[in-house]
Amino acid sequence: MELLPLVVVIAGIFILLGYNQRIKRLEIRVQELQKALAGKVLPAELSESIATEEMQHDVAPLPTGPEQSPASEAVIEASSTDDIEEQFAARESIDTLTDGGPAITTPETTKPRESLESTIGARWAVWVGGIALAFGGIFMVKYSIESGLLSPGVRLVLAAIFGLVLVAAGEIIRRRSAPVLGNPFQNAMVPGVLTAAGVVALFGSTYAAHGIYGFIGPATAFVLLALISLATLALSLLHGQALAGLGLLASMVTPALIASTAPRPWILFGYLALTWLATLLASRLRRWLIAPSLANALLSIWPLLYISNSPVVDFTPVTLSMLAMIGGTIFLWPGRYQAAETADETTIETEEQANPPQRRSSGGWGAFLARPPLGMTLTATIGALAVSLSLLGYSLLYGYPIVDTVFMFAAIVAAVAAFGAGRLHAAWAAILSAVTAILGISGLLTNWVYGLDPSIVDALARMQSMVIYESLGLGAIFVLIGTFFLRRFADDEKPFAALWSGIMVVVPLAIATISFVNFGNWVLDWLHGLYGIGLTVALLALAEWQYRRSGDGWNLPTNILAVGSFAASVFALHMLAHHAMPTILLPVLGIGYLLVGRARDWPVLPWTMVAALIVAMARIAWQPTIVDPSELSTSPIFNMLLAGYGIPAALAVVAAFMVRRAPNIRLRSALQALASFLVLLTIAILVRHAMNGGVLNDAVPTLGEQSIYTLLAIGASATLMALDLSAASPVFRYGSMALGTLSVIMILTLHLLGLNPFVTGESTGRIPLFNLLLLGYLLPAVAYGGLALLARDRRPLPYVSMLAVAAAVMAFAWATLTVRRFWQGEYIPFWNDFIQGELYSYSVVWLLIGIALLGLGARFEARSLRIASAVLVFIAVVKAFLIDMANLEGFLRALSFIGLGAVLIGIGLFYQKILTRKKATE
């Protein structure tokens with residue numbers, strides 16, 4: 001058994017020496033061909049050297065036409081099956097070879113189209129046969145183990161000899177077969193199939209010698225596996241991508257077929273990594289994309305199987321294998337991938353182009369996300385990230401050291417992120433690494449694993465500081481990786497630069513927020529606060545750096561980083577302040593960024609003030625009392641409500657004034673709207689606090705409180721209208737009309753129905769005139785009249801008419817309810833019976849109001865007031881004939897009808913006079 005390593009090593013050395021000599025001869029020929037093509041002359045020495053080599057390798061020359069010169073024959077002749085396509089491509093690329101005579105034209109050659117019968121008979125049969133040979137050797141070894149026919153040493157020797165025989169047979173057949181360019185089915189890759197089967201046998205026997213029986217030590221096993229990997233690389237270069245994939249699949253399945261009762265993860269993943277590395281190196285030389293994608297997928301599946309089926313696991317070799325996969329993908333293949341350098345994947349062999357084009361910038365988001373090699377990028381990325389998440393899940397379920405797990409998780413995610421930043425074809429690696437970082441840390445810190453052992457939670461609590469440091473450090477790593485990307489590619493890769501700018505903002509902020517929510521101090525958290533400050537400074541400095549590099553304030557990465565710095569400062573503010581202070585200081589922060597916007601023409605900076613005000617309003621909605629309700633003073637006006645509402649409102653007004661001449665009308669409108677709303681909200685909340693005895697609750701407001709809100713809405717509508725007249729703005733224009741309409745809706749639903757003392761029985765006050773009716777009805781009537789007068793000829797006629805009618809309705813309601821209070825006293829509910837004097841008083845008052853409205857309508861030529869007068873008089877007529885006639889008696893009944901008649905006649909005379917005057921003027 002001790003001779004087995006020596007036999008394998010010697011065989012590998014001879015094979016490698018043969019290939020090394022042949023590669024050197026091919027390099028010399030390529031150099032001579034390049035020189036000949038550059039000078040358009042093929043030297044005679046080259047023809048002699050090629051002919052000599054053909055004789056040495058016993059290769060028959062290709063048939064040539066009578067018009068072909070020896071020079072063109074030398075170009076198209078091949079020394080082996082593997083050189084046919086290479087030299088055939090070289091022949092097609094040469095139009096003429098001049099040696100002083102006429103140009104030589106190469107004849108066109110077309111490949112025959114394969115039928116289904118030829119494919120199955122000439123190709124698939126060979127491939128399936130090779131697979132059968134490989135599995136036959138493996139099952140033979142398995143059978144001998146189960147039956148006890150041979151000793152372990154003999155089995156391993158026979159397996160190694162079987163593999164060497166297959167490799168030798170494949171090489172002999174390949175060397176002795178004369179290639180025929182016009183016959184694509186000749187040999188049908190029989191040498192490659194035999195060679196692949198032999199490699200599988202060698203891999204399996206070597207692995208079993210160490211991992212199962214322990215016949216050889218780790219160092220010897222490593223050397224043998226490395227040599228076999230190099231041999232596999234060399235053989236793959238000769239036999240194409242399909243057979244490389246077959247050998248890869250067989251190598252990856254070997255540990256599963258030859259099982260061990262005591263698996264060693266270091267040996268297992270070392271073997272898998274070497275197999276993967278051999279495939280990757282071969283793929284790099286041949287520009288393959290499918291085989292390395294398969295290798296990435298298989299290498300990623302093994303850690304998942306190992307973690308889910310092993311009673312005791314070691315995460316270190318798993319992590320190293322994933323890091324090796326990502327590292328190889330970054331630096332070996334595809335490396336600095338260029339699409340123009342890679343041939344079609346459907347061919348068995350491909351060659352490098354002589355002069356690959358320079359890297360071009362991506363045309364847009366679609367091309368940027370779909371760049372080849374997409375398969376290799378996704379398999380490496382998804383596989384590594386899936387393994388990293390499985391590490392966290394296993395650690396939370398079964399108690400693997402959480403600190404070590406988080407470190408390994410962060411290492412894998414950071415490696416994938418570096419892959420996304422270092423290679424332009426790896427956009428999805430950047431996106432998926434960011435998502436995985438957020439989801440992984442979120443699941444870890446919030447214990448989103450069902451059936452979690454309580455002891456694990458206690459251990460996590462004891463080590464939470466270290467876990468928090470690692471989590472926050474992962475966010476910082478994303479910022480560093482993004483900085484590296486922007487330094488290299490920001491100028492040429494605009495979409496990718498914008499993506500990485502967003503990742504640099506979102507990932508650290510999301511991780512810090514998750515960490516704070518689960519483990520932060522909600523009163524004062526210095527760790528997360530300082531992290532937020534550092535992130536603010538870093539992102540703002542990066543934004544300035546990007547701005548100076550591009551010189552363009554509209555540069556998308558610059559603005560994204562600036563927004564990120566603002567978000568980080570908001571986060572830091574919430575970490576270092578509590579209760580009312582964040583609400584008060586948020587607009588101050590927005591003003592600061594607004595001032596920075598005067599020095600830098602970054603369009604996003606003024607909008608940070610809008611964002612600050614929105615966040616402040618969200619905090620107000622979350623806690624309307626600004627401070628804890630028990631800490632809110634009952635003193636009217638001068639309490640924390642004035643600061644919590646008033647300071648943001650005042651700063652909003654200042655911001656709106658600062659941008660009054662800004663060219664961006666949306667920005668101006670947004671700040672004007674927010675300022676108007678906050679001012680109105682401040683006054684309303686102070687009124688609410690004062691009217692409820694210093695307590696803010698959800699109780700239904702009284703008529704007095706609601707009257708103040710209505711007056712505020714009317715006043716705000718008039719204020720916005722005045723501002724619109726002085727500085728035209730759609731916010732002022734439509735805002736004033738919206739507030740006016742809102743106030744009308746409030747009087748219809750609340751003043752006249754819901755909160756009416758006639759309906760609720762609420763006390764109207766003891767003073768006859770200055771009471772609740774004055775505040776709830778007469779003052780709004782006067783306010784609506786003034787607003788209608790101000791809006792006349794300045795707002796649409798329907799809106800002005802609505803305000804005038806609202807004023808008339810409120811005046812009518814005040815007069816009617818005042819009459820009832822005069823007869824009923826302080827309480828005027830509808831369940832109190834009507835008095836005859838009260839009924840007569842209604843008629844008198846309504847007729848007087850109708851006359852007054854008629855006079856005002858004639859004075860101001862307001863048709864809406866005249867219509868309201870007519871409606872009111874009509875109501876009085878109906879009341880007289882339906883109610884007064886039935887309920888009044890004696891003198892009051894007669895007086896009611898006499899007065900009604902006199903008024904109607906007077907109105908008729910008035911209209912006759914007006915109509916006569918209009919006719920005379922016409």
* Asked: Any side-chain heavy atom of Val809 within less than 4.5 Å of one from Ile747?
  -> no
* **Heavy-atom donor-acceptor pair, Gln623 side chain to Pro629 backbone, under 3.5 Å** => no
* **Main-chain N/O of Ala543 paired to Asn559 side chain as donor or acceptor, under 3.5 Å** => no
* So among Ile745, Val744, Leu750, which one has a side chain to side chain contact (heavy atoms under 4.5 Å, CB included) with Leu748? -> Val744
* Side-chain (His689) to main-chain (Ser633) donor-acceptor, under 3.5 angstrom -> yes
* To do: Name all pairs fulfilling the ring pair (Phe, Tyr, Trp, His ring centres under 6.0 Å) condition that reach into residues 588-618, sequence neighbours left out, sorted by first residue then second.
  => Tyr547-Trp602, Phe566-Tyr593
* **Pairs satisfying ring pair (Phe, Tyr, Trp, His ring centres under 6.0 Å), at least one member in residues 796-827, at least two apart** => Phe812-Trp846
* Sequence neighbours left out, what pairs pass side chain to side chain donor-acceptor pair (under 3.5 Å) with at least one residue falling in residues 650-677? => Gln672-Ser729
* Asked: So, does Thr719 use its side chain to make a donor-acceptor pair with the main chain of Gly715 at under 3.5 Å?
  -> yes
* Asked: Does anything in residues 578-606 pair up under salt bridge (Lys or Arg N to Asp or Glu O under 4.0 Å), and if so which pairs, sequence neighbours excluded?
  -> Glu544-Arg600
* Asked: Is the Phe571 ring parallel, tilted or perpendicular to the Phe516 ring (thresholds 30°, 60°)?
  -> perpendicular
* Structure fact -> Residues pairing under salt bridge (Lys or Arg N to Asp or Glu O under 4.0 Å) where one sits in residues 614-637, two or more places apart or in two chains, turn out to be none
* Structure fact -> Residues at least two apart in sequence or cross-chain that pass side chain to side chain donor-acceptor pair (under 3.5 Å) with Thr558, listed by chain then number, are Asn555
* Leu739 side chain near Leu680 side chain, heavy-atom distance below 4.5 Å -> yes
* Answer yes or no: is there a side-chain heavy-atom contact under 4.5 Å between Val610 and Leu671? => yes
* Asked: What residue pairs, at least two apart or across chains, pass salt bridge (Lys or Arg N to Asp or Glu O under 4.0 Å) with a residue in residues 776-805?
  -> Asp724-Arg795
* Check whether any side-chain heavy atom of Val563 lies under 4.5 Å from a side-chain heavy atom of Val505, and answer yes or no. => no
* To do: Output all residues satisfying salt bridge (Lys or Arg N to Asp or Glu O under 4.0 Å) with Arg688, sequence neighbours left out; order by chain, then residue number.
  => Glu705
* To do: Write out all pairs satisfying ring pair (Phe, Tyr, Trp, His ring centres under 6.0 Å) with one or both partners inside residues 617-652, taking only residues at least two apart or from two chains.
  => none
* Structure fact -> In short, salt bridge (Lys or Arg N to Asp or Glu O under 4.0 Å) pairs touching residues 555-578 with sequence neighbours left out are none
* Looking at residues at least two apart in the chain, or sitting in another chain, which of them share a side chain to side chain donor-acceptor pair (under 3.5 Å) with Thr634? -> none
Side-chain donor-acceptor contacts of residues 769-777 below 3.5 Å, not counting sequence neighbours, with atom names and distances?
from	atom 1	to	atom 2	distance (Å)
Asn771	OD1	Leu773	N	3.0
Asn771	OD1	Leu774	N	3.3
Asn771	ND2	Ile767	O	3.1
Asn771	ND2	Pro768	O	2.6
Tyr777	OH	His751	O	2.5
Tyr777	OH	Asn756	OD1	3.4

* Asked: Side chains of Val604 and Ile560: closer than 4.5 Å at any heavy-atom pair?
  -> no
* Please answer whether the main-chain N or O of Thr536 pairs with a side-chain N or O of Ser565 as donor and acceptor at a distance below 3.5 Å. => no
* Taking the side chain as C-beta and beyond, is there a heavy-atom pair between Glu762 and Leu755 under 4.5 Å? -> no
